[in-house]
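The sequence lines fix the lettering, A, B, ..., with proteins before strands; numbering per chain opens at 1.
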Amino acid sequence: MRLSRYFLPVLKENPAEAQIVSHRYMLRAGMIKQQAAGIYSWLPLGFKVLKRIEQIVHEEQIRAGHIPLLMPTLQPADLWRESGRYDDYGQEMLRIKDRHERDMLFGPTNEEMITDIFRAHVNSYKELPLTLYHIQWKFRDEVRPRFGVMRGREFLMKDGYNFDLTKEDALHAYNRHMVSYLRTYERMGLTAIPMRAASGPIGGDNTHEFLVLASTGESEVFYDAKVPELKLGDRAVDYDNRAEVAAICEEFTTLYARTDETHDEAAFNAIPEERRKVGRGIEVGQIFYFGTKYSESMGATVVTAEGNRVPVEMGSHGIGVSRLLGALIEANHDDKGIIWPEGVTPFHCGIVNLKQGDAGTDAACEGLYKALVAAGLDPLYDDRDERAGAKFATMDLIGLPWRITVGPKGLGKGVVELTSRRTGESVEMSAEDAVARIVEIYAAHR
RNA sequence: CGGAGCGUAGCGCAGCCUGGUAGCGCACCUGCUUCGGGAGCAGGGGGUCGGAGGUUCGAAUCCUCUCGCUCCGACCA
């Protein structure tokens, strides 16, 4: 993309309403625009990152054997009356009447609807196990939306639901989700720690939340210093291998890591003192096993091999997709702006032309741009007629991890400059080598 | 839902107390100069002061109501 033709409305000054760094930078970098309390338009740059995150979530869900579908944002109230949650959910649920005075609601989650789909089409144990998920906009009419996309009323969430014959099968689905989530967050360059959590209104007796450590997090967390060091890495995982998946879960959940809701002072104090950490975390996902809570109330049953009709075992699992943008920025920024991890960056690298209009630098930049595109990459070429300082400031703000700087001095020596946004280090090299280096960097992020 | 604030140009703000021609910075447009870390000079455009009532000769300013937004707390992916 050539910046002169893009839509990137950056702000020089901090908008008054933004209190935390991720919200400020998302507004300043022209990623979002608030339309009402907790409701945002996603401008091109923000939309691009949102789509990249969504893509990673999809890929990892499919890798774990889960099946995508799409359910609507608006739901009929009757489904929720069946489960009893229409009355339980309270003011957070946005209730709407259609022209025929039918009670509708903007879905805050989809347990009822997925159960309805299941019971309409699945009758035999032979069709299990089954895990369906979607990535769809949710609405929860929060009393007090805040922190930009971190606590919006409208938000994009991946929510998945597993249907199994036995509790043992359902617990495997639970474990499978835990591992796939670990992998999902790692691909985005985030360390998200699974912590035993208290079950909320969704219900269930087995649940973990995934928290990204950040000083602006809304939850207080207590953990062993060794926990954030655990990495899944690029080990191959067979998601159908129960023992292997369970072993990974054990690896990641044995050491102490709890939110304030489930904190156990005695267990925490059993950790060597120098490893006891207290901090704050942003919740970016949660997994639940809840058994037959919905299948019983809504009649989602299958016939077993013995010919008995039994309610299915279920769980639900969510990742806050839009919230992840906030969490990513909270975890990756400096005083100049965002620093995107390679896995989610909106553009792979920036090209800064220091002397727009100069035949030599223009031609060199065009050559670089075309070479990068030909290599399958997505560069952002700042071809505006701006001064160097303004171009650098924009690049730093929007946080592209790599920048190629092209100026007359360097070209005189036959070099361009490759700069890391994260370390600030610059290396001079030929344009060809710079392209090769960028290609190499992103080859590791496929 | 309790408590506290704020709505004046696209953004950030002053003006309000003490009523009297609506201002500043950034951004935007034109010209000239400049050009490796958010340039300088000159000129220019843009606002029914959130909305509705009221007081007054006169309201951004005072009064009443209302809508919107933000922050602290309780609640939540």
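- Taking atom CD of A/Glu386 as the reference point, atom P of B/U34 lies 18 Å away to the nearest angstrom.
- For A/Arg28 against B/G38, a side-chain N or O and a base N or O form a donor-acceptor pair under 3.5 Å.
- For A/Arg24 and B/C11, the CZ to P distance is 18 Å, given to the nearest whole Å.
- Distance, A/Leu397 CG to B/G37 P: 18 Å, rounded to whole Å.
- Counting only residues at least two apart or on different chains, the ring-ring contact (aromatic ring centres under 6.0 Å, His included) pairs with a member in residues 315-352 of chain A are A/Tyr6-A/Phe347, A/His177-A/His317, A/His348-A/Tyr442.
- Atom P of B/G50 sits at a distance of 8 Å from the matching atom of B/G7, rounded to the whole Å.
- The separation of B/G15 from B/G23, taken at their C1' atoms, amounts to 7 Å, rounded to a whole angstrom.
- B/A14 makes up no base pair with any nucleotide shown, lacking Watson-Crick or G-U wobble contacts both under 3.5 Å.
- The nearest whole Å value for the distance from the CD atom in A/Glu17 to the P atom in B/C11 is 9 Å.
- Pairing for B/U34 is absent, judged as Watson-Crick or G-U wobble with the two contacts each under 3.5 Å.
- Pairing for B/G46 is absent, with no Watson-Crick or G-U wobble pair whose two atom distances lie under 3.5 Å.
- If you check every strand for non-hydrogen atoms under 4.0 Å, A/Ala393 touches a base.
- By the 4.0 Å N-to-carboxylate-O rule, A/Lys293 lies too far from A/Glu111 to be salt-bridged with it.
- Proximity note for A/Lys336 (side chain, C-beta onward) versus B/C69, B/C26, B/G37: the nearest is B/G37.
- In the set B/G36, B/G25, B/G38, the nucleotide with an atom closest to the side chain of A/Ala390 is B/G38.
- Closest-nucleotide positions on RNA chain B for A/Ser219 and A/Lys391 were compared, and the one nearer the 5' end corresponds to A/Lys391.
- Side-chain N or O atoms of A/Glu209 include none that pairs as donor or acceptor with a backbone N or O of A/Met195 at under 3.5 Å.
- On a pure distance criterion of 3.5 Å, a polar donor-acceptor pair joins the side chain of A/Arg403 and the base of B/G37.
- Here, B/U8 and B/A14 have their C1' atoms 10 Å apart, quoted to the whole Å.
- Rounded to a whole angstrom, the distance from the C1' atom of B/C32 to that of B/C69 is 44 Å.
- A salt bridge links A/Asp334 with A/Arg421: the closest approach of a Lys/Arg side-chain nitrogen to an acidic carboxylate oxygen falls below 4.0 angstrom.
- Scanning atom types as modelled, one donor and one acceptor separated by under 3.5 angstrom connect the side chain of A/Glu417 and the base of B/G36.
- If you check every strand for non-hydrogen atoms under 4.0 Å, A/Gly152 touches a base.
- Taking a pair to require two hydrogen-bonding distances under 3.5 Å in either a Watson-Crick or a G-U wobble arrangement, B/G2 pairs with B/C72.
- Rounded to whole angstrom, the span from the CG atom of A/Asp260 across to the C1' atom of B/G73 amounts to 15 Å.
- At a cut-off of 3.5 Å, with distance as the only test, a side-chain donor of A/Thr207 or A/Gln286 sits close to an acceptor on the other residue.
- A/Thr394 comes within contact range of at least one nucleobase, with a heavy-atom separation under 4.0 Å.
- Ion pairing of A/Glu59 with A/Arg63 is absent here, as no side-chain N (NZ or NE/NH1/NH2) approaches a carboxylate O to less than 4.0 Å.
- Nucleotides B/G25 and B/U66 have their P atoms positioned 39 Å apart, rounded to a whole Å.
- Taking all atoms of both residues into account, the shortest heavy-atom contact from A/Leu190 to A/Ala327 is CD2-O, 4.3 Å.
- Annotation: side chain to side chain donor-acceptor pair (under 3.5 Å) contacts of A/Gln19 (sequence neighbours excluded): none.
- In this structure, B/G7 and B/C67 make a Watson-Crick or G-U wobble pair, each of the two defining distances being under 3.5 angstrom.
- Between A/Met150 and A/Gln34, it is A/Gln34 whose nearest contact on RNA chain B lies nearer the 5' terminus.
- When the C1' atom is used for both B/C29 and B/U70, the distance is 34 Å, rounded to whole Å.
- Counting any heavy atom pair closer than 4.0 Å across all strands shown, A/Gln19 reaches sugar-phosphate atoms only and no base atom.
- The P atoms of B/C41 and B/C26 are separated by 9 Å, rounded to the nearest whole Å.
- The side chain of A/Gln91 contributes no N or O atom lying less than 4.0 Å from OP1 or OP2 of B/C75.
- Within 4.0 Å (heavy atoms only), A/Asn14 reaches sugar-phosphate atoms of the nucleic acid but no base atom.
- Closest to the A/Ala16 side chain, of the nucleotides B/C13, B/G38, B/C75, is B/C13.
- When the C1' atom of B/C69 is taken as reference, atom CZ of A/Phe147 falls 16 Å away, rounded to whole Å.
- With B/A74, B/C75, B/U70 as the choices, the nucleotide that has an atom nearest any side-chain atom of A/Ala37 turns out to be B/U70.
- Nucleotide B/C57 forms a pair with B/G20, judged by Watson-Crick or G-U wobble geometry with both contacts under 3.5 Å.
- Nucleotide B/A27 has no partner under the Watson-Crick or G-U criteria, as no pair reaches both atom distances under 3.5 Å.
- A/Gly407 comes within contact range of at least one nucleobase, with a heavy-atom separation under 4.0 Å.
- Taking only side-chain nitrogens and oxygens, A/Arg387 comes nearer than 4.0 Å to OP1 or OP2 of B/A39.
- Distance A/Lys409 NZ to B/C35 P: 11 Å, rounded to the nearest Å.
- For A/Ile398 and B/G37, the CD1 to P distance is 19 Å, given to the nearest whole Å.
- To the nearest whole angstrom, the two C1' atoms, one in B/G20 and one in B/C65, are 27 Å apart.
- Across all strands shown, A/Ala18 has no heavy atoms under 4.0 Å from either base or sugar-phosphate atoms.
- Side-chain atoms of A/Arg119 and A/Ser295 form no donor-acceptor pair, as typed in the model, at a separation below 3.5 Å.
- In this structure, of B/G37, B/G38, B/C13, it is B/G37 that holds the atom nearest to the side chain of A/Phe392.
- Side-chain nitrogen and oxygen atoms of A/Lys12 include none within less than 4.0 Å of the OP1 or OP2 phosphate oxygen of B/G38.
- Side chain of A/Leu354, nearest nucleotide from B/G36, B/A74, B/C26: B/G36.
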